[in-house]
There are 2 protein chains.
Amino acid sequence: MTQSPESDSRTDTLRQSIRAAGLRVTVPRVAVLEALQDNPHSSAEKVTDKVRPVLKGTSSQAVYGILAALTGAGLVRRFDPAGSPALFECRVGDNHHHLVCIRCGAIKDVDCVIGAAPCLTPSDASGFAVFAAEVTFNGLCRECQDFSTPEHID
Amino acid sequence: MTQSPESDSRTDTLRQSIRAAGLRVTVPRVAVLEALQDNPHSSAEKVTDKVRPVLKGTSSQAVYGILAALTGAGLVRRFDPAGSPALFECRVGDNHHHLVCIRCGAIKDVDCVIGAAPCLTPSDASGFAVFAAEVTFNGLCRECQDFSTPEHID
DNA sequence: CTCCTTATTTTGAGTCATTCAAAACAAGAC
DNA sequence: GTCTTGTTTTGAATGACTCAAAATAAGGAG
């Protein structure tokens, strides 16, 4: 027989990274990580929606807790666009930035031109010890420039 | 007799700028703007607290409405630090950035090194029309580096 | 494999920031 | 001064997230 879906290579890799981060490997945690890999820039609610079909009784509180644990462990990155719930993504450690469409909310990653975090240094840090620079570009995505109605919004 | 406090020069300037922005000049609007000049980086709640002693029956809903109107008119700038309520400031149009202490929440303005908005250009805008780059530097303020207890927090 | 300890998730309720809607009110053009 | 329309008040509701206690499951010990 073929391997069960539970032991495919992506799942295994995920389980290993959770373990390596010092966290217990649980079914909901793996499911959240997979949902996040398939849907970058998801809100806690969206993650819950993606995970529910797979894992029936998953509460949204659990998802919040899992997301907080994974973020704390450095497996997930969180960012808070203005006027939107917090969004999460698996792409971590590369100090990339975000392009946000102020009309439809679409998000695109942009590589950091400069390099490692903090990719920028403030002109006058006023005694602050700066760890990271969060850069968010606000604009209109191509669809929102072209069309008057945001039909492309999911 | 001397001039009444209501007609001092700051108030007059404020009234004029509100008018110039196409908005009606009202007592609460002027009070919010003054509170914001005296307390940059204030949340809606803090503004309400500052305005209340002067203007007894000001509702927090009114403050939200006023802040939204002033922000829309370009007289006030709003920004949303992660994990904090939205903050407002009068310093507009100069594309400055913010230094945020991740421990005590202290905020400092930093002048933009580059220049006019958007002060940065993403490496690959992917079709987005970028208007502005929001830059937030996360770090620890001097007090939070020096002391183990954040006694300086107001 | 089974038990045990402790981390994690569920369940249920609560909080904070913010928004909505309708009625009362006030700015400022005439 | 009056009238029109933009503002604020009043009262209620929503969304995003957090807290706490009880139930459950991960994974090391035996």
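Note: hydrogens, waters and symmetry copies are ignored here, and every other heavy atom, side chains too, is used. So you know, we letter chains A, B, ... as the sequences are listed, proteins then strands, and number each from 1.
Using a 4.5 Å heavy-atom cutoff, the side chains of B:T121 and B:V130 are not in contact. For the pair A:V51 and A:P28, the minimum side-chain heavy-atom distance is 4.5 Å or more. The side-chain heavy atoms of B:F131 and A:N138, taken from C-beta on, include no pair separated by under 4.5 Å.
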Evaluate B:T48 against B:T58 for side-chain contact (heavy atoms from CB on, under 4.5 Å), listing each step before the verdict. CA-CA 7 Å; B:T48 306; B:T58 310; 5.6 Å; no
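Per the geometry, CD1 belonging to B:I18 stands 17 Å off P belonging to C:dA26, to the nearest Å. The interatomic distance linking B:D80 (CG) with D:dA16 (P) rounds to 14 Å, in whole Å. Atom-to-atom, NZ of A:K46 to P of D:dA16 comes out at 14 Å; the value is rounded to the nearest Å. Across the protein-nucleic acid pair, A:E45 atom CD and D:dG15 atom C1' stand 9 Å apart, rounded to whole Å. In this structure, A:K56 places its NZ atom 19 Å from C1' of C:dT11, rounding to the nearest Å.
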All N/O contacts under 3.5 Å from nucleotides 1-4 of chain D to the protein, with atom names and distances to one decimal?
none

Enumerate all atom pairs, one protein N or O and one N or O from nucleotides 28-30 of chain D, separated by less than 3.5 Å.
none

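Using bins of under 30°, 30° to 60° and over 60° for the plane-to-plane angle, the ring pair B:F79/B:H41 lands in the perpendicular bin.
No continuous path of hydrophobic side-chain contacts links A:I102 to A:V135 [ILVMFWY only; heavy atoms under 4.5 Å]. Follow the hydrophobic side-chain contacts under 4.5 Å out from A:L70 and you never reach A:Y64; the two are in separate clusters.
Between B:P28 and A:L23, the one whose closest nucleotide on DNA chain D sits nearer the 5' end is B:P28. The residue among A:L55 and B:T26 whose nearest nucleotide of DNA chain C is located toward the 5' end is A:L55.
For B:R29, a side-chain nitrogen or oxygen approaches OP1 or OP2 of D:dT8 to under 4.0 Å.
The minimum heavy-atom distance between B:L36 and B:F88, with the atom names listed, is CD1-O, 3.8 Å. Between A:H96 and A:R77, the shortest heavy-atom contact is O-NH2, 2.8 Å. What you find for A:V92 and A:G74 is that their closest heavy atoms are CG2-O, 3.5 Å. Counting all heavy atoms, side chain and backbone alike, B:L140 lies closest to B:R103 at CD2-CB, 3.6 Å.
A heavy-atom distance below 4.0 Å to DNA chain C is reached by these residues of residues 57-79 of chain A, ordered by number: A:G57, A:T58, A:S59, A:Q61, A:A62, A:I66. Of the residues in residues 81-88 of chain B, those lying under 4.0 Å from DNA chain C by heavy-atom distance are B:P85, B:A86.
With A:E134 contributing its side chain and A:D80 its backbone, the two residues share no donor-acceptor pair below 3.5 Å.
Residue B:V25 places its side chain closer to C:dG28 than to any other of D:dA16, D:dT7, C:dG28.
Listed by first and then second residue, the salt bridge (charged side-chain N to carboxylate O under 4.0 Å, His left out) pairs involving residues 106-129 of chain A are A:R91-A:D109, A:R91-A:D111 (not counting sequence neighbours).
By the side chain to side chain donor-acceptor pair (under 3.5 Å) test, A:R10 is found to be paired with A:Q37, A:D38, residues two or more places apart in sequence or in another chain being considered.
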